[in-house]
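Notes follow the structure.
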Amino acid sequence: MKVVKFGGSSLASGTQVEKVCHIVASDSERRIVIVSAPGKRFADDLKVTDMLISCAERALHGEDTSKLVDAIIERYQRIAEELKLSYTIIARITDDLNTLLKGDQSNPVAFTEALKASGEDNNAKLIAAVFQHKGMEASYVSPQEAGLLVSSDPGNAQALPEAYEQLSNLKNHAGIIVFPGFFGINKAGEVVTFSRSGSDITGSILANAVKADLYENFTDVDAVYTVNPHIVKNPKEIRELTYREMRELSYGGFSVFHDEALIPAFRAGIPVNVKNTNNPEAPGTRIVSARKNTNGPLVGIASDDGFCSIYVGKYLMNREVGFGRKILLILEDYGLSFEHVPSGIDDLTVIVRQDQMNDEIEATIVRRIKEELHADEIHVEHDQALIMLVGEGMRQEVGTAARASTALAKAGINIEMINQGSSETSMMFGVRENVEEKAVQALYEEFFAQ
Ligand code: ASP
C-alpha cells in the first residue's frame, strides 16, 4: 500500500487536479491520498491557507469578510467547474465556511485554527468528489473519524501516541481514502494545526500508522536538488539520501519536504519518494534508512543566513565547571534557542538566529555574561551565514574538510567558524552573509561539478 500526498501547487487548478487523478488512478496501490489546500497557481498568487488566516483576522476584528470568503470559494469553484462537477460540493464548502465564520469567537486561537484547517478539509471533500465523478471508488475521511489525535499546541501540534493505533484501521477501508492534511483533533475535540506546510506531516503519520510500503510526496519539482537552484543554475538532482541527510539539508533551508515529517516515516522505516506531479515519470528522490551507494562524500550543500554569534572568552574557561550551562541559562531567560556552540579551550561561541534578538536584549545579555560570569571578552558578530556540507559518505572519505577549505580559500572567502559533529554526516562553515552565495558556488564546483 502506498500513501500519497499532494501539495498545494498540485491542487491549485482543474488542470493540476486532473494530473492528480491520473497519478492516483494509474496505480492501485495508491490507496490513501492526503491533500493540501489549493496553493499558488502562479508566483504572485495567494495560497488558500493564507487567505483563510486573513479571513479569521478580519472576522475577529469585526471587519467585513464577504469579499474574502467569495474569493476563497471561487478557488474551489473554478476547480469544480473546470472538472465539470455539480454545484453540490461548492454549496457544501460554502456552508462549511459560513458556519465556521459564525462560530464562537470567544477563543480567538481555536476560531482561527478551525478556519485555517478548513482549507485542507474542504479540499479533501472536493478531491473525493472529483475522484467519484471520474468513476473511482473514493471517499473523504476526516481526521476526527479516523482518530488523528494531536496535542493542543496550535500551529505546532504533535500526534499523540494513541493516534497511530486508531489510524491503523484505515488500511481496512475499502476504496481510496481522501484525507485532509495539516491538522488533527485534540482530546477536547478541537481542530489543531501542525506547523506550516504540515500536510507532509499528516502523510508521514498515516504512512507510519498503516505501515505503508512507500510514502509518495508529490510536489512541483523533479527531485531534491544537491544545492539551492537559486544559487547554482541547474544543479544535480539527488536520487537517494538518508533520513538523517535530509534532516540536515532541511535544517539548512531545503524546503522540499517538511523536516518534522521525516520522524514518523523514519520510525517505521518507510521510504519516502519525493516526486513531481507535473512529471510523474521522473524517478524523484528517495529518502531511506540506509543507502549502499554513497557516490562521493556529499549528497548536498545547504546554506542559510540570519545568524549571529556571541563569542565569550575567559582565561581557564576549560576548568570552570558549569560555565557553558550558565551562559545558556542567561539566553534561556530571554527565550533564545541556540543553534550551535563551537568551543575552544578558553572560549565558546553561541550561534543563534538573529531574528530572536533585538538591540536591547543583546545589550542585556552581553552585560549579564560580563558581570555574572566575569568573562574577559565578549562580542557579538551579526549577519552570519551557515553552510552545511551534508553526506554520510564523508565518514568513509578522507580529506573532505581539506577540499572544502581549499575551495573556499581559492574563492577568497574567510571562514569564520567550522563545526563537525561526531556523526560525521555534516560539516558546517560559518561565513559572512555577503559571501554566502559565492561560497556555496565554490563548494558546489569542488564537490559536484565533475
Ligand atoms: N496549507 C498549509 C500551508 O500552507 C499546509 C500545507 O500546504 O502543507 O501551510
Side-chain angles (χ1 to χ4, degrees), residues 3-13 16-17 19-20 32-57 68 71-76 79 93 96-97 100 109 112-128 140 142-143 148 150 153-159 178-185 191-208 215-221 224 246 250 253-265 272-278 287:
V3 168
V4 199
K5 179 252 161 181
F6 291 94
S9 61
S10 303
L11 299 158
S13 67
Q16 289 302 89
V17 173
K19 294 178 191 168
V20 168
I32 300 184
V33 178
I34 288 99
V35 300
S36 283
K40 294 185 179 190
R41 293 159 293 184
F42 41 87
D44 300 334
D45 200 11
L46 292 173
K47 283 177 153 197
V48 164
T49 307
D50 291 318
M51 296 165 90
L52 286 161
I53 294 170
S54 309
C55 197
E57 278 166 5
L68 207 42
I72 294 167
I73 292 168
E74 202 204 327
R75 295 292 298 270
Y76 296 105
I79 299 172
I93 293 172
D96 178 77
L97 212 51
L100 286 172
V109 175
T112 306
E113 286 285 274
L115 261 167
K116 213 167 133 184
S118 75
E120 273 54 27
D121 199 45
N122 282 325
N123 211 24
K125 292 174 196 161
L126 174 67
I127 301 301
Y140 156 81
S142 75
L148 176 41
V150 296
D153 277 319
N156 193 27
Q158 309 289 320
V178 185
F179 197 97
F182 192 39
F183 71 96
I185 306 293
V191 163
V192 193
T193 61
F194 296 120
S195 51
R196 290 299 305 266
S197 304
S199 300
D200 285 354
I201 305 175
T202 309
S204 188
I205 293 169
L206 263 55
N208 175 312
Y215 171 28
E216 291 179 312
N217 195 281
F218 279 89
T219 165
D220 53 8
V221 288
V224 179
M246 187 68 233
S250 42
F254 277 45
S255 57
V256 185
F257 188 64
H258 199 302
D259 46 2
E260 265 182 68
L262 285 168
I263 307 156
V272 181
N273 195 353
V274 175
K275 285 178 75 88
N276 190 353
T277 301
N278 305 314
I287 312 171

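Ligands are counted one by one from 1 in listed order, and the atoms in each one are counted from 1 as well.
Ranking the protein heavy atoms by distance from atom 5 (C) of ligand 1 puts E120 OE2, 3.4 Å first. In terms of protein heavy-atom proximity, atom 7 (O) of ligand 1 is nearest to S36 OG, 3.2 Å. Among protein heavy atoms, the minimum distance from atom 4 (O) of ligand 1 is reached at R196 NH2, 2.9 Å.
In this structure, S54 contributes its side chain and D50 its backbone to a donor-acceptor pair below 3.5 Å.
Under the 4.0 angstrom criterion for non-hydrogen atoms, G8 is not in contact with ligand 1. Every heavy atom of G181 sits 4.0 Å or more from the atoms of ligand 1.
The nearest pair of heavy atoms linking N278 to K19 is OD1-NZ, 2.8 Å. Looking at every heavy atom in both residues, F179 comes nearest to A124 through C-CB, 4.1 Å.
Checked by distance only, ligand 1 and D200 stay at 3.5 Å or farther apart across all their nitrogen or oxygen atoms.
In summary, the side chains of N208 and Y215 do not present any donor paired with an acceptor at a separation below 3.5 Å, with no hydrogens or angles considered. A side-chain donor from one of D220 and S9 sits under 3.5 Å from a side-chain acceptor of the other.
Residue contacts with ligand 1 for H258 are absent, since no atom lies close enough (heavy atoms, distance under 4.0 Å).
Side-chain contact check for F182 versus K116: some heavy-atom pair is nearer than 4.5 Å.
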